[in-house]
There are 2 protein chains.
Amino acid sequence: MTTRSSDTEGVTAESVAPSRREMNKQANRRAMADAAIELVRSRGAGNFTADDVAAAAGVSRRTFFNYFPSPESALAVHIEDFLDNVLPYFHQRPTGEPVVESMLQALTELADPALLERTAELFQLAEDNPQMHRFQLEAWTRAEYKIVDAIDDRLDPADPARQHPLFVPALVGSVFASARAALSEWLRRTGGDLSPASLSGLRELLIAAFGHLRSGFHN
Amino acid sequence: MTTRSSDTEGVTAESVAPSRREMNKQANRRAMADAAIELVRSRGAGNFTADDVAAAAGVSRRTFFNYFPSPESALAVHIEDFLDNVLPYFHQRPTGEPVVESMLQALTELADPALLERTAELFQLAEDNPQMHRFQLEAWTRAEYKIVDAIDDRLDPADPARQHPLFVPALVGSVFASARAALSEWLRRTGGDLSPASLSGLRELLIAAFGHLRSGFHN
DNA sequence: TACACTATGTGCAAGTTTGCACTCAGGGCA
DNA sequence: TGCCCTGAGTGCAAACTTGCACATAGTGTA
């Protein structure tokens, strides 16, 4: 709200009060993403048009296409939301800690349970709809790159993790693969039940998958 | 910033779905007007800046000045709201009915009690603040013109009320004067108390004032 | 008085959204 | 098959919002 354009901020980090313009854009993007997930819930994947999303989000059809290449792609925003929510937890881990620990701890603490729920919901929807599956794969991949960059930015160049160029990408890829495995198994077991109990089970599966990863798969 | 507000239609609204552009503008205008009345409540008249209103409404300071010439003037929107709410009631009166009756009946039925409350609240604020008083006078005057036009549009050219060019303007002016008298007396009696009981009293005063008018002041 | 500070109000350029007119692809139907 | 309709996706100009610079006015202060 406060638009103090003066850059006299004590905090140096990323909390540099975004401009009105940026806020408006994010609000629109969010509105469209929310409208899209609402529509996919009420009508099912593939049963809503770009017009529907735009109208529900309160923007024009043209504006929708300024942001997203297709109605389904708007859902990918929620996957990025998940990341935006987890990254601060990651950044808060002690700097000396091994990267793999920081990452798994951050993911385990999972900021907002509602985000896990939405992620699980989208994962489930992707199973039934090839269109959505493709977009989601793309979103997960973008997420991997984003995390790799975030880790590289944070890591001390002398950190063992940066001694080998494969280390971080392999780690991130492994974490994502483990998460996907957990989601997949959860889906197989529960059929996508989104009740708190079921989601709790998903959380357990995630932790178990991360456990395998952490121990180097020495079962 | 965009809220899908329920556009509380009092009676009939043969509204042709306005364009996205028009909807956005109205949403912004409404947001600023609401922010302004919220600020005048929390900080008092004259104790808030254009920046405050803009920020609270989610628009830039510049946009605020695109709509309103001053922080106070944003409040005038609420007076026009009152009209927009009453006019449909007026249009619904039987066409044969004398205009004075249609008008007083419509005002008496008073669509949304919350609107009467806001109008009374603003009336009260204007007493204390000359700046606001001026803007409000202007708003009431604009409202008079608007109503005169609305009546002329609706009236059969053969209607007695249009036989003399002074008739409608004099009528509308008298109605407004009576309403102001009622508001003024209400304010004197209650000090601007906005409780339901007090507002009910205001309603009685309005009806009484209209009664005088209706009878040609033959007490 | 001179100065700093805050807030109003406006002009202008750049960024964003919108309306509209397309093109293209796919499905239903005579 | 050919036609019609719906929806995706795009280019472009016009409308709207925003950031910024600037002029102006009022207020407190040394």
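No hydrogens, no waters, no symmetry mates; every other heavy atom, side chains included, goes into these values. Below, chains carry the letters A, B, ... as their sequence lines are ordered, and counting in each starts from 1. Source: prediction; values computed, not measured.
- For the OP1/OP2 pair of C/dT18 and a distance below 4.0 Å, the side-chain nitrogens and oxygens of B/Asn24 include at least one atom meeting the criterion.
- Contact check for A/Arg30 versus A/Asp81: side-chain heavy atoms found under the 4.5 Å cut-off.
- Per the geometry, CG belonging to A/Asp51 stands 13 Å off P belonging to C/dT18, to the nearest Å.
- Note on B/Tyr67: only backbone sugar-phosphate atoms sit closer than 4.0 angstrom, heavy atoms only; bases stay farther off.
- Using modelled atom types, one finds a donor on one side chain and an acceptor on the other under 3.5 Å when comparing B/Thr49 with B/Asp52.
- For A/Asn66, the listed nucleotide lying nearest its side chain is C/dT17; candidates were D/dG9, C/dT17, C/dG9.
- Look at CG on B/Asn47: it is 14 Å from P on D/dT27, rounded to the nearest Å.
- OP1 or OP2 of D/dG19 sits under 4.0 Å from a side-chain N or O of A/Ser19.
- For the pair B/Phe64 CZ and C/dT10 P, the interatomic distance rounds to 12 Å; values are reported in whole Å.
- Annotation: of the two residues near DNA chain C, A/Lys25 and B/Ala50, the 5′-most nearest-nucleotide partner is B/Ala50.
- Summarising the geometry, the separation between CD on B/Glu72 and C1' on C/dT8 is reported as 10 Å, rounded to the nearest angstrom.
- A salt bridge does not link B/Glu121 to B/Arg118: none of the charged nitrogens lies less than 4.0 Å from a carboxylate oxygen.
- Side-chain atoms of B/Arg21 come within donor-acceptor range of the base of C/dT17, with a qualifying N/O pair under 3.5 Å.
- A donor N or O paired with an acceptor N or O is found under 3.5 Å between the base of C/dG9 and the side-chain atoms of B/Arg61.
- Within the 4.5 Å cutoff, the side chain of B/Arg189 has no heavy atoms near those of the B/Ser198 side chain.
- A/Phe48 places its CZ atom 17 Å from the C1' atom of D/dT6, with the value rounded to the nearest Å.
- Counting distance only, with no hydrogens placed and no angle test, the side-chain atoms of B/Arg62 and the base atoms of C/dG11 include a donor-acceptor pair under 3.5 Å.
- In this entry the distance linking CE of B/Met23 with P of D/dT17 reads 15 Å, nearest Å.
- Residue B/Gln26 contributes atom CD, which lies 11 Å from atom P of D/dC16 at whole-angstrom precision.
- We find that CD of A/Glu22 is positioned 18 Å from P of D/dT17, with the value rounded to whole Å.
- Between B/Asn28 and D/dC16, a side-chain N or O to OP1/OP2 separation shorter than 4.0 Å is absent.
- Using a 4.0 Å heavy-atom distance criterion, B/Thr63 is classed as a base contact.
- What you find for A/Ala182 and A/Ala209 is that their closest heavy atoms are CB-CB, 4.3 Å.
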